[in-house]
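All heavy atoms count here, side chains included; hydrogens, waters and symmetry mates do not.
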Amino acid sequence: MTQSSPYANSLAPQRFSVVVVGAGPAGLTVGNILRAAGAECLVLETESREFIERRPRAGVIEEWAVRGLERRGLARNLLDRAELHTACEFRFEGERHRLPYQELTGSHHWVYPQPSLVTDLVREYADVRGGQIRFGVRDVRLHDLDGDRPSVSYTCPETGGRQVVECFFVAGCDGARGATRAALPPERARVARHDYGIGWLALLAEAPPAGDSVLFGCHPDGFAGQMPRSPEVTRYYLQCPPGDDPAGWPHERVWTELRRRLGAAGAPPPVEGPLIEKRVLDMHDYVTEPMSFGRLFLAGDAAHLVAPIAAKGMNLALHDAFLLGDALAAHLTGGDGSGLAGYSQACLRRVWDYQEFSQWLSELYHGTAAGEPFRAGTTLARLRRLFTSRAAAAAFAEQYLGTAAHY
């Protein structure tokens, strides 16, 4: 909740038009949009610059999101270096089924690791556009969000003293466990949550992907996925019980399960390599409504979480950031408050659309492993329909690429 008395034991307050809390894709995109508009903003980040530029995260970016970055001068390295993906492949009942989504929709995905995008965005914001950013801050608190001049206070990592920043608006882009989400007044925030009751063992392997596309293995023993990150690094997922211990998945067990669950006639096996990351993700979603509270506007995981089932999280964060950055710039430079007034509603349309698709896709991935013959049968019927009906395949491709919900 909002804390009071920010000035106790603090230095004289600084003033910026906007304080952005969190230096992930959403926060840095908002900051870059504001700097391009000539607005003064400050980005606060609890981690170091080195940490955020190396933190392993998602890598699939939808075409509309890339075009949004490009329009704002933020996609130069991405367009030069990212891999373009035009199809994905499902494997079930021992067979391979390729779904050529570019052929069906005219759109495609880019694969560009999130640390690379964050590196690009922080360099553009801090080094090129001269934006102010402070790393390693601690104990971030928000104050007077319902007033005309809210403020944000934090502990300075160099001095250990409290610093107060007064502003007109706060952009909350610091994720699910951040200070901005914690500042929400419970009587005004509705949080809708969905738990899938499954876990995914998330793996990062120092090995090239087996093939040129994302692979989805729908197996009776559990889902497996391959998501290429670069020619040298591959992200894998294995369905497991929620709360499972990663230590129970030694190297040999991981690769045995990947080979089995991704196995199909004529398919090369996964390329084995060292596992440089291994953690269990419990699959769940949440949505906070509304996404604005007084002078606080939430974006990305601070407002909503979509499980990595459909690779939508970073794309939703960028959608929020485009809307919020443009709306803040319009208000600060031209007095147009319509974008801020409609921000929450505009964001939530896409949020709920992606949540629905994630839920639908979860059944496609996991239904055959549910231990229920009826669910297994209906899941296989859905899978077969994707590859016998062009209309069904095109509808899937539109949602998978985000083209059904235009920005």
- Shortest non-hydrogen separation from Glu62 to Gly402 and the atoms involved: OE1-CA, 3.7 Å
- Can you check whether Pro150's main-chain N or O pairs, donor with acceptor, with Arg295's side chain at less than 3.5 Å? no
- Task: Determine yes or no for a side-chain-to-main-chain donor-acceptor pair under 3.5 angstrom, with Arg253 supplying the side chain and Gly248 the backbone.
- Result: yes
- Tyr365 and Phe216: aromatic ring centres closer than 6.0 Å? yes
- Below 4.5 Å, heavy atoms only, C-beta onward: do Met283 and Ile309 meet side chain to side chain? yes
- Applying ring-ring contact (aromatic ring centres under 6.0 Å, His included) between Phe223 and each of Phe90, Trp200, Phe92, Tyr196, report the one that passes. Trp200
- Okay, side chain of Arg149, backbone of Cys167: is any donor-acceptor separation there less than 3.5 Å? yes
- Message: Let me confirm one number: the CZ-CG distance from Arg72 to Leu121, rounded to the nearest 0.5 Å.
- Response: 12.0 Å
- Item | Min side-chain heavy-atom separation Val20-Leu42 under 4.5 Å | no
- Message: Whether the Ser153 and Arg162 side chains hold a donor-acceptor pair (N or O, under 3.5 Å, no angle test) is what I'd like checked.
- Response: yes
- Task: Say whether, by atom type as modelled, one donor and one acceptor occur between the side chain of Arg261 and the main chain of His219 under 3.5 angstrom.
- Result: no
- Report yes if the side chains of Arg235 and Pro209 come closer than 4.5 Å at any heavy-atom pair, otherwise no. no
- Is any side-chain N of the basic residue among Glu252 and Arg259 closer than 4.0 Å to the acidic one's carboxylate O? yes
- Task: State, to 0.1 Å, how close Val280 and Pro241 come at their nearest heavy-atom pair, and which atoms those are.
- Result: CG1-O, 4.4 Å
- Side-chain contact, heavy-atom cut-off 4.5 Å: Arg390 with Leu104? yes
- Task: Indicate yes or no: at least one non-hydrogen side-chain atom of Leu296 is less than 4.5 angstrom from one of Thr180.
- Result: yes
- Query: After noting the C-alpha distance and the side-chain angles of Lys278 and Asp245, does the key distance pass the salt bridge (Lys or Arg N to Asp or Glu O under 4.0 Å) rule?
  - Reply: CA-CA 10 Å; Lys278 188 165 54 175; Asp245 184 357; over 6 Å; no
- Query: Is there a donor-acceptor pair under 3.5 Å between the side chain of Arg188 and the backbone N or O of Leu184?
  - Reply: no
- CZ on Phe297 to CG on Leu328, rounded to 0.5 Å: 6.5 Å
- Look at the side chain of Thr29 and the backbone N and O of Pro25, then say whether any donor-acceptor pair between them is shorter than 3.5 Å. yes
- Message: When you measure from the side chain of Asp285 to the backbone of Ala307, do you find a donor-acceptor pair of N or O atoms at a distance under 3.5 Å?
- Response: yes
- Message: Test your reading of the model: is there a side-chain donor-acceptor pair from Asp282 to the backbone of Gly197, 3.5 Å cut-off?
- Response: no
- Message: Any heavy-atom pair between the side chains of Met227 and Tyr236 that's under 4.5 Å?
- Response: no
- Task: Walk me through it: do Arg91 and Glu89 pass the test salt bridge (Lys or Arg N to Asp or Glu O under 4.0 Å)?
- Result: CA-CA 7 Å; Arg91 296 180 178 178; Glu89 184 173 302; 2.7 Å; yes
Please report, to 0.1 Å, the donor-acceptor pairs under 3.5 Å made by any side chain of residues 109-118, with sequence neighbours excluded.
| from | atom 1 | to | atom 2 | distance (Å) |
| --- | --- | --- | --- | --- |
| His109 | ND1 | Tyr101 | OH | 3.4 |
| His109 | NE2 | Tyr400 | O | 3.4 |
| Tyr112 | OH | Asp120 | OD2 | 2.6 |

- Message: For Thr288 and Arg181, which I'm curious about, is there any donor-acceptor pair between the side chains at under 3.5 Å?
- Response: yes
- Message: Run the side chain to side chain contact (heavy atoms under 4.5 Å, CB included) test on His366 and Gln239 for me, step by step, so that the C-alpha distance in whole Å, both residues' side-chain angles and the decisive distance to 0.1 Å come before the verdict.
- Response: CA-CA 8 Å; His366 307 117; Gln239 183 180 344; 3.1 Å; yes
- Using atom types as modelled and distance alone, determine if a side-chain donor or acceptor of Arg35 lies under 3.5 Å from a backbone N or O of Ala39. yes
- Can you tell if the side chain of Leu348 reaches within under 4.5 Å of the side chain of Glu289, non-hydrogen atoms only? yes
- Message: For the backbone of Arg385 and the side chain of Ser389, can you confirm whether one donor and one acceptor N or O come within less than 3.5 Å of each other?
- Response: no
- Message: Using side-chain heavy atoms (C-beta onward) and a distance below 4.5 Å, is Asp244 in contact with Trp249?
- Response: yes
- Do Tyr354 and His304 have their ring centres less than 6.0 Å from each other? no
